[in-house]
Amino acid sequence: MTQASDTLTKDAQGTTAAPSKPEALWFDPSLCLIGGEWVRAAGGTLPLVNPSDGTVICDIARGGAPEIDAAVAAAHAALEGDWGRLTALERGRLLVKLGRLVESQVDELAALEAADVGKPLSQARADAVALARYMEFYGGAADKVHGETIPYMDGYTVYTLREPHGVTGHIVPWNYPMQIIGRSVGAALTMGNACVLKPAEEACLTALAFARLAEEAGFPAGALNVVPGLGAEAGAALSGHPNVQHISFTGSVATGAMVQAAAAKNVVPVTLELGGKSPQLVFDDADLDAALPFLVNAGVQNAGQTCSASSRILVQRGVYDEVRKRMGEAYGALTVGPATADMRLGPLISARQKEIVTGFLERGSDLPIAGQGVVVDDAPEAGAYVRPTLFADVPATHALAQMEIFGPVQVLIPFDTEDEAIQIANGTEYGLVASIWTRDGARQMRLAKKLHTGQVFINNYGAGGGVELPFGGVGKSGHGREKGFEALYGFSQLKTVAAYHG
Ligand code: NAD
């Protein structure tokens with residue numbers, strides 16, 4: 001793996017630049033990994049576009065039903081073979097080793113993710129560090145997930161076993177490939193499942209790089225298979241496959257519903273991590289100096305293309321004008337440019353996503369703008385850049401306050417009372433994350449219970465991403481939990497053993 005750093009391109013300043021040619025990669029991105037072999041897809045290839053400048057980075061495999069079939073068969077063979085024979089401790093050690101390899105390649109992985117996703121380099125780097133941390137956390141947890149003994153009738157000993165589902169399918173989006181692979185594939189491998197990973201067609205380089213590192217770490221053939229391709233082809237083949245025992249899907253509500261329906265035909269359990277319209281509630285007694293950076297960053301990180309982005313800022317009237325002014329100023333200082341320039345925001349993932357976000361900005365033309373960032377002058381014309389925008393005085397029922405935009409757009413919504421804030425916060429079809437900014441301890445506790453979300457943060461937002469913290473939604477934000485130990489329970493099934501011995 002040491003050749004990775006030698007083969008990445010260097011820019012004029014001698015820093016690592018995002019690769020623009022396949023020769024710059026340390027694996028062939030046009031292949032799938034199936035049963036330990038790097039193979040071509042029968043469907044040929046697809047171009048992979050760099051959203052910072054619209055150029056084609058390389059071709060990737062257009063996997064489909066034949067490759068998914070082969071990958072599922074290889075995963076079953078791995079379960080019957082070397083992978084299935086490993087103890088929890090041995091699996092954990094492999095994960096820890098993989099984490100160390102990821103750590104040793106953080107800059108290379110960041111360069112790939114920056115090129116692929118358009119993510120500013122330092123944010124891409126943070127994702128690579130998080131991927132390593134997932135491996136460390138789950139590797140260490142592998143031999144610490146126990147069953148229980150259950151007191152029962154006289155003459156019985158009853159206990160439970162935690163066993164893998166079998167073959168798990170992982171359908172991953174383009175916005176945080178490394179983090180989402182870390183939390184879902186990492187937890188599934190920990191529990192002894194064999195994985196078939198279908199990365200997004202817009203961004204799959206780090207999935208392939210991760211698989212190369214897993215090979216190097218010594219994972220047996222077939223434990224992790226990667227089939228890039230289109231959602232309607234590879235994704236649909238995986239979610240409807242009769243020999244897959246669990247599906248983890250992260251992406252849009254519409255696709256998630258299709259994946260669940262396809263899996264239901266085979267009675268396969270599904271974890272869905274879908275979108276959000278996550279609010280931050282700022283009360284009159286909030287510490288505004290502490291809140292300000294979180295209020296803005298949670299909306300613009302990864303150019304707003306974050307499922308847990310905080311796109312709604314609910315502010316009590318007493319501090320509304322001040323928050324509006326200060327957030328507006330912060331927006332004025334936001335710069336947008338190519339991923340390698342490492343500004344606060346990079347481009348959106350694609351021209352299509354830019355069209356969607358621009359459409360939302362037009363829908364807000366009746367609203368006052370409290371602040372707007374700038375796209376730097378030398379940003380390439382063909383890049384998918386938009387100006388981050390903060391709208392003020394937005395009615396809670398407005399489309400911008402209800403629909404997930406998946407771009408750097410936040411809305412300010414004023415409120416008077418705590419009850420009104422709760423009603424507005426719970427007033428969308430989503431429920432992923434919320435935060436409460438107040439010094440009132442009783443209010444903190446009350447609201448934490450009343451908000452309909454999977455996570456609540458008090459006087460912070462996101463708690464640093466925490467791999468240890470269970471994550472997932474309610475309502476249209478999905479169901480099931482990933483991250484933390486909850487993911488290990490989700491990626492395993494419980495068997496009850498009742499022994500009668502008299
Ligand atoms: P998407 O649902 O279209 O794609 C996500 C993944 O699903 C990709 O790998 C894609 O190839 C695959 N896919 C597409 N059609 C499929 C099908 N018919 N069967 C099986 N798989 C299929 O999502 P997108 O539009 O690319 O991503 C943006 C959306 O994803 C946003 O709206 C956001 O809400 C959501 N998202 C949510 C999270 C989360 O963790 N909750 C994370 C990222 C993105």
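For reference, positions follow the sequence shown, starting with 1. Note that ligands are numbered from 1 as they come in the structure, with each ligand's atoms numbered from 1 the same way. Nothing here was measured: the structure is a model prediction, and the numbers come from that model. We use all heavy atoms of the structure for the numbers below, so side chains are in, but hydrogens, waters and symmetry mates are not.
The ring of W437 has its center closer than 6.0 angstrom to the ring center of F294. Taking the ring centroids of H165 and F491, they lie at or beyond the 6.0 Å cut-off.
Closest approach of D116 and L205 over heavy atoms only: OD2-N, 3.0 Å.
Scanning all protein heavy atoms for the shortest distance to atom 8 (C) of ligand 1 gives V172 O, 3.5 Å. In this structure, atom 27 (O) of ligand 1 lies nearest to the protein heavy atom W174 NE1, 3.4 Å. The single protein non-hydrogen atom nearest to atom 34 (O) of ligand 1 is E404 OE1, 2.3 Å, given as residue, atom name and distance. Looking only at heavy atoms of the protein, atom 30 (O) of ligand 1 is closest to G251 C, 3.0 Å. Of the protein's non-hydrogen atoms, L274 O, 2.0 Å is the one closest to atom 41 (N) of ligand 1. Summary of contacts: the protein heavy atom closest to atom 40 (O) of ligand 1 is C307 SG, 2.8 Å. Of all protein heavy atoms, the one lying nearest to atom 21 (N) of ligand 1 is G235 CA, 3.5 Å. Of all protein heavy atoms, the one lying nearest to atom 43 (C) of ligand 1 is N175 ND2, 2.9 Å.
Close N/O approach between R183 and ligand 1 is found [any backbone or side-chain N/O within under 3.5 Å]. Between K198 and ligand 1, an N or O atom pair is found at a separation short of 3.5 Å. No N or O atom of E202 sits closer than 3.5 Å to an N or O atom of ligand 1. For the pair R352 and ligand 1, the shortest N or O to N or O distance does not fall below 3.5 Å.
A donor-acceptor contact closer than 3.5 angstrom links the side chains of H479 and Q260. Side-chain atoms of E482 and S248 include a donor-acceptor pair closer than 3.5 Å. If you check the side chains of D127 and Q179, you find a donor sitting under 3.5 Å from an acceptor. Of the N and O atoms on the side chains of Q353 and W174, not one donor lies less than 3.5 Å from an acceptor on the other residue.
In this structure, the side chain of R312 engages the main chain of I424 through a donor-acceptor pair within 3.5 Å. A donor-acceptor pair is defined here as one N or O able to donate and one able to accept, closer than 3.5 Å; no such pair exists between the side chain of T255 and the backbone of G251. A donor-acceptor pair under 3.5 Å is absent between the side-chain atoms of E429 and the main chain of G276, judged by distance alone.
Within a 4.0 Å radius of atom 32 (O) of ligand 1, the protein contributes one or more non-hydrogen atoms.
Counting heavy atoms under 4.0 Å from ligand 1, residue M258 touches it through the side chain alone. Contacts between Q305 and ligand 1 below 4.0 angstrom, taking non-hydrogen atoms only, are absent altogether. In Y176, neither the side chain nor the backbone holds a heavy atom less than 4.0 Å from any atom of ligand 1. In Q353, neither the side chain nor the backbone holds a heavy atom less than 4.0 Å from any atom of ligand 1.
Proximity of L412 to V394: side-chain heavy atoms (C-beta onward) are nowhere separated by under 4.5 Å.
With ligand atoms numbered from 1 in the order given, ligand 1 contributes 10 (C), 11 (O) to contacts under 4.0 Å with heavy atoms of E201. Listed by atom number, the atoms of ligand 1 under 4.0 Å from E273 heavy atoms are 37 (C), 38 (C), 39 (C), 40 (O), 41 (N). Atoms of ligand 1 lying under 4.0 Å from at least one heavy atom of G275, given by number and element, are 34 (O). Within ligand 1, counting atoms from 1 as listed, the ones closer than 4.0 Å to a heavy atom of A200 are 9 (O).
In this structure, K119 satisfies the cation-pi test against Y176, with its NZ or CZ atom closer than 6.0 Å to the six-membered ring centre and inside 45 degrees of the ring normal. Cation-pi geometry between K277 and Y430 is not met at under 6.0 angstrom from the ring centre and within 45 degrees of the axis.
The heavy atom nearest to atom 17 (C) of ligand 1, out of those in G231, A257, S252, is found in G231. Counting heavy atoms only, T255 comes closest to atom 22 (C) of ligand 1 of the residues T255, I356, L432, I349. Of the candidates T250, V433, L238, it is T250 that places a heavy atom closest to atom 5 (C) of ligand 1.
Contact between F249 and ligand 1 is present, with at least one heavy atom of the residue lying under 4.0 Å from the ligand.
Between E355 and R352 there is no salt bridge, since no side-chain nitrogen of the basic residue lies less than 4.0 Å from a carboxylate oxygen of the acidic one.
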(message) Set out, in order, the CA-CA distance, both residues' side-chain angles and the distance that settles salt bridge (Lys or Arg N to Asp or Glu O under 4.0 Å) for R133 and E468, then state yes or no.
(response) CA-CA 10 Å; R133 171 76 186 118; E468 303 87 347; 2.7 Å; yes
